Amino acid sequence: AQEHPAGCFRELLRVFERAFRRRGRGLVPRLSEFLEQRPGLGFSKKEVENWIVGMRGQTAHASDKETFYVAADLRPLVARMKLAA
């Protein structure tokens with residue numbers, strides 16, 4: 001229901017959290033294992049970890065970080081996350 005990449009990013013993370021009943025780092029192994037079973041899509045644990053650990057904090061809590069991400073940074077990630085979803 002979100003059109004802005006930051007909103008899409010956040011909501012897709014929520015979809016994954018609910019689907020795998022894990023949050024934060026605990027989501028990484030479950031989601032990456034699931035996606036790696038679809039080799040034609042090219043998902044890796046490193047990519048999934050980047051979404052959940054690397055990008056999430058700077059996107060959701062930009063005021064607390066030196067680096068934050070904007071729509072242009074998130075668009076390619078959101079496209080991959082939609083494919084994963």
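Here the structure is a predicted model, which means the values were calculated and not measured.
- Of the inter-residue distances, the one linking R18 atom CZ with L13 atom CG reads 12.5 Å to the nearest 0.5 angstrom.
- In this structure R38 satisfies the salt bridge (charged side-chain N to carboxylate O under 4.0 Å, His left out) test with no other residue, sequence neighbours excluded.
- In this structure, NZ in K82 is found 12.5 Å from CG in L77, a value given to the nearest 0.5 Å.
- The two residues W51 and F16 make their nearest non-hydrogen contact at CZ3-CE1, 4.1 Å.
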| side-chain contact (heavy atoms from CB on, under 4.5 Å) between L41 and L35, worked out | CA-CA 8 Å; L41 299 178; L35 293 173; 5.6 Å; no

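- Taking CG from L31 and CD from E36, the interatomic distance works out to 9.5 Å, rounded to the nearest 0.5 Å.
- One finds the CG atom of L27 at 12.0 Å from the CZ atom of F34 (value rounded to the nearest 0.5 Å).
- Between F20 atom CZ and E33 atom CD the span is 9.0 Å, to the nearest 0.5 Å.
- Taking a cutoff of 4.0 Å between a charged side-chain nitrogen and a carboxylate oxygen, R22 and E17 do not qualify as a salt bridge.
- The side-chain contact (heavy atoms from CB on, under 4.5 Å) search around R25 returns E49, V53, not counting sequence neighbours.
- Evaluation of the side-chain contact (heavy atoms from CB on, under 4.5 Å) rule for A6 yields H4, T59, L74 as partners, not counting sequence neighbours.
- Separating the CZ atom in F43 from the CE atom in M81 is a distance of 9.5 Å, to the nearest 0.5 Å.
- Minimum interatomic distance between R75 and P5 (heavy atoms only, all atoms of both residues): CG-CG, 3.8 Å.
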